[in-house]
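Just so we're on the same page: letters track the sequence lines, and every chain starts at 1.
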Protein chains: 2
Amino acid sequence: MGKAPTIADVARVAGVSVPTVSRVLTGAIPVSAKRRELVERAIAELGYQPNAAARALVSGTRSMVAVLAANTSRYGYAKTVEGIEEAARAAGYMVVITVVETAEQDAVRTAVAMVLSHSVAGVIVLDFDEPGHAAVTALPQTVPVVVAAAAPSRAVKLPRAYLADQRGAREATSYLLSLGHETVHHIALPSSGRRGGRTAGWSAALQAAGIRPPKHLHTTWDPLHAYELAKSLAADPSVTAVLAGNDEVAAAVLRAMTEQGRSVPGDVSVIGFDDQPIASLVTPALTTVAQDFAELGRQSFALLENSINGSAGQDTVSVRTQLVLRGSTGPRRN
Amino acid sequence: MGKAPTIADVARVAGVSVPTVSRVLTGAIPVSAKRRELVERAIAELGYQPNAAARALVSGTRSMVAVLAANTSRYGYAKTVEGIEEAARAAGYMVVITVVETAEQDAVRTAVAMVLSHSVAGVIVLDFDEPGHAAVTALPQTVPVVVAAAAPSRAVKLPRAYLADQRGAREATSYLLSLGHETVHHIALPSSGRRGGRTAGWSAALQAAGIRPPKHLHTTWDPLHAYELAKSLAADPSVTAVLAGNDEVAAAVLRAMTEQGRSVPGDVSVIGFDDQPIASLVTPALTTVAQDFAELGRQSFALLENSINGSAGQDTVSVRTQLVLRGSTGPRRN
DNA sequence: GAAACCAGTCCCATCTGTCTG
DNA sequence: GCAGACAGATGGGACTGGTTT
């Protein structure tokens, strides 16, 4: 394992002083064209790479941003991280991910401490669930923090990008009512427990139409659990329209309905959330509320960059959802 | 933004010297119980967190591992990263992710340089595709590298964990033949272009049965493209069994077949790859070759840890796949 | 426990050169 | 034409927060 060249090596080869090399590197202070040329040649010759650790130590120039999340592989989470990474890379930052498994104080504190000890430029927290929400409150004021979430918040005074999924749920529910359904049932995903979000939107749309929302069901992230719940809906003849927490849950509903002999969209209409790639491939193709998680990630990073640079910009950004009509919804029959 | 306490603050509060605190922290050199106690109390009182940058700078103690990947959100990729993160966190490492968008030299070099400048303890490359493969060859010998892949390799002399998907494809294909199908068609995902992998396994199984493999189709990662290809298979009456590159492609096949009026599994049998959550929710439920990507990630990290610690262990590990039988496969009819 | 050290940055002093009077 | 002033470029050395001799 050969050792990497240092700035001193570059200075020696170029025949200039160490600070001069540093000035060429950081670009802030002017250097004569002649020496700059010399230095650049030496850098290329040696294949010199500045040492990020030393740089972070002395100047606080941080080149990493951290993402705190309860999960990194589920569709929405992974897509958001992807958006963050894309924007971060374009801005010259690396992304370090830290999973906060549970909302327990120990887990949260460990994760936060880990992140802080690595002198990151900023932190983006995926406040999609309990662990994420716990992480938001556990982070100190000493580092720029941005929240990526599924709802606005008055309680937390931090820059925030969020998916307007409450509105999306409202629109989807209203759409189902406009098809003649007398009510809309709902299977909710685990969430951070705060108000707002899909369930609130669904409930609001029903109430606006003078309909008392039926009791909604709570699924875990395991689609098989959602499937069990869906079977109970399928067995209930009063159920003619279902708003599912995401596309996987919607697929579970589709399956449960079909097995029960109820046709979709003939007997029952189903709407999902996310517009995952699979949404257009199931049969019937899913009507769904598309959510641009990658955009959420990019916007979150943009907010973080503002915060890092101290350039106060808008500090709450929402990302719109869009109702995509496919084959799983239709007019109420009989 | 308050400033973080340093080791000197701890030393002052504890009434000991700076090196003593350092000794307590690293744990290598013995410290009297009394002073250790004093130091630990001071650390707790101040909420002191060692500065990872300073530590990496002086002692080469690296606490980050990098993951190089072409993508982070698709199922297999995201699950592998999740497994890496889980194992890394347990071992006290953070994970930084870097996306290598294309196999172009510039993109690869930039990504590699970025990783190297951050003094990571090691690198895991997801060699699932062209960009990943390019990254493997672009990394210098100066840092421990482990490859996570979908096939073994004789060419690359690096520790490697791989999914035995060639074997999985062989078993799946043989299973279809055992159901009476005269041949098996195949839609392949983009891959790194090297031999091995699913397509090779499929082809081997057919040849072993004395069957000349039909021309296989190449899809992109876009499921809609797979759907177009699937339609051409659906239109061909000689197609009675399909091995799809992954579950999304399989779902596309299911849909295309159904639209064409060919029943699954009555007229056509379909097998997917991965066992994504959705596999059991589509109709019919997918028979699929389950791949434990998270385990692949964990194994990769274990290899990396060996390499970092210099403890030479086994340097090639394979993760077995498993054929999961569900409703999309059945005996050849007529 | 004192002192050296890791790889950088940055303050400050020095030096050069040009402009002014 | 020459001293003095001043701006810009450059190098010396202290400093960052730890670890190790």
Visitor: Less than 4.0 Å between a side-chain N and a carboxylate O, is that true for B:Lys34 and B:Glu37?
Guide: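 Answer for the salt bridge query: no.
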
Visitor: Any salt bridge between B:Asp292 and B:Lys79, counting N to O under 4.0 Å?
Guide: no

Visitor: Taking only the side-chain nitrogens and oxygens of B:Arg55, find out if one of them lies under 4.0 Å from OP1 or OP2 of D:dG17.
Guide: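 The answer is no; no side-chain N or O of B:Arg55 sits under 4.0 Å from OP1 or OP2.
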
Visitor: Select one nucleotide: of D:dG17, D:dG11, D:dT20, the one nearest the side-chain heavy atoms of B:Leu57.
Guide: D:dG17

Visitor: Heavy-atom nearest nucleotide on DNA chain C for B:Pro19 versus A:Thr61: which residue maps closer to 5'?
Guide: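 Counting from the 5' end, the first nearest nucleotide belongs to B:Pro19.
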
Visitor: Rounded to the Å, how far apart are B:Arg62 CZ and C:dC6 P?
Guide: 14 Å

Visitor: Regarding A:Arg23, tell me which of base, sugar-phosphate or nothing describes its non-hydrogen contacts under 4.0 Å with the strands shown.
Guide: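 Base contact.
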
Visitor: With respect to the side chain of A:Val58, which nucleotide from D:dC15, D:dG17, D:dG11 is positioned closest?
Guide: D:dC15

Visitor: Would you tell me if any nitrogen or oxygen in the side chain of B:Ser22 comes within less than 4.0 Å of OP1 or OP2 on D:dT19?
Guide: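 Yes, such a contact exists.
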
Visitor: Using whole Å, what does the distance between atom P of nucleotide C:dT16 and atom NZ of A:Lys34 come to?
Guide: 13 Å

Visitor: Counting only side-chain N and O atoms of A:Thr20, is one of them less than 4.0 Å from OP1 or OP2 of D:dG11?
Guide: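 Answer is yes, contact under 4.0 Å.
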
Visitor: Just call it for B:Thr26: base, sugar-phosphate, or nothing, with non-hydrogen atoms closer than 4.0 Å on any strand.
Guide: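 Sugar-phosphate contact only.
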
Visitor: Take atom CG of B:Asp9 and atom C1' of D:dT16, then tell me their distance rounded to the nearest Å.
Guide: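 Taking CG of B:Asp9 and C1' of D:dT16, I get 13 Å after rounding.
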
Visitor: Take B:Val16 and B:Arg35, measure what side chain to side chain contact (heavy atoms under 4.5 Å, CB included) needs, and give me the verdict at the end.
Guide: CA-CA 7 Å; B:Val16 301; B:Arg35 288 179 196 245; 4.2 Å; yes

Visitor: Counting any heavy atom closer than 4.0 Å, what does A:Val18 reach on the DNA or RNA strands: base, sugar-phosphate only, or nothing?
Guide: base

Visitor: In this structure, how many angstroms lie between the P atom of D:dG11 and the CZ atom of A:Arg12, rounded?
Guide: 15 Å

Visitor: Nearest-nucleotide wise, let me know which of A:Leu25 and B:Arg35 is further upstream toward the 5' end of DNA chain C.
Guide: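 Counting from the 5' end, the first nearest nucleotide belongs to B:Arg35.
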
Visitor: Where the side chain of A:Ile7 is defined as all heavy atoms beyond and including C-beta, which of D:dG18, C:dT9, D:dT20 is the nearest nucleotide?
Guide: C:dT9

Visitor: Report the distance from atom CG of A:Asn51 to atom C1' of C:dC5, rounded to the nearest whole Å.
Guide: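 The answer, rounded to whole Å, is 14 Å.
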
Visitor: I need the NE2-C1' distance between B:His118 and C:dA7, as an integer number of Å.
Guide: 15 Å

Visitor: Base, sugar-phosphate or nothing for A:Val31? Non-hydrogen atoms, less than 4.0 Å.
Guide: sugar-phosphate

Visitor: Does the side chain of A:Ser17 get closer than 4.0 angstrom to OP1 or OP2 of D:dG11 through an N or O atom?
Guide: yes

Visitor: Does B:Tyr77 have its ring centroid less than 6.0 Å away from the ring centroid of B:Phe293?
Guide: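 No; B:Phe293 has its ring centre 6.0 Å or more from that of B:Tyr77.
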
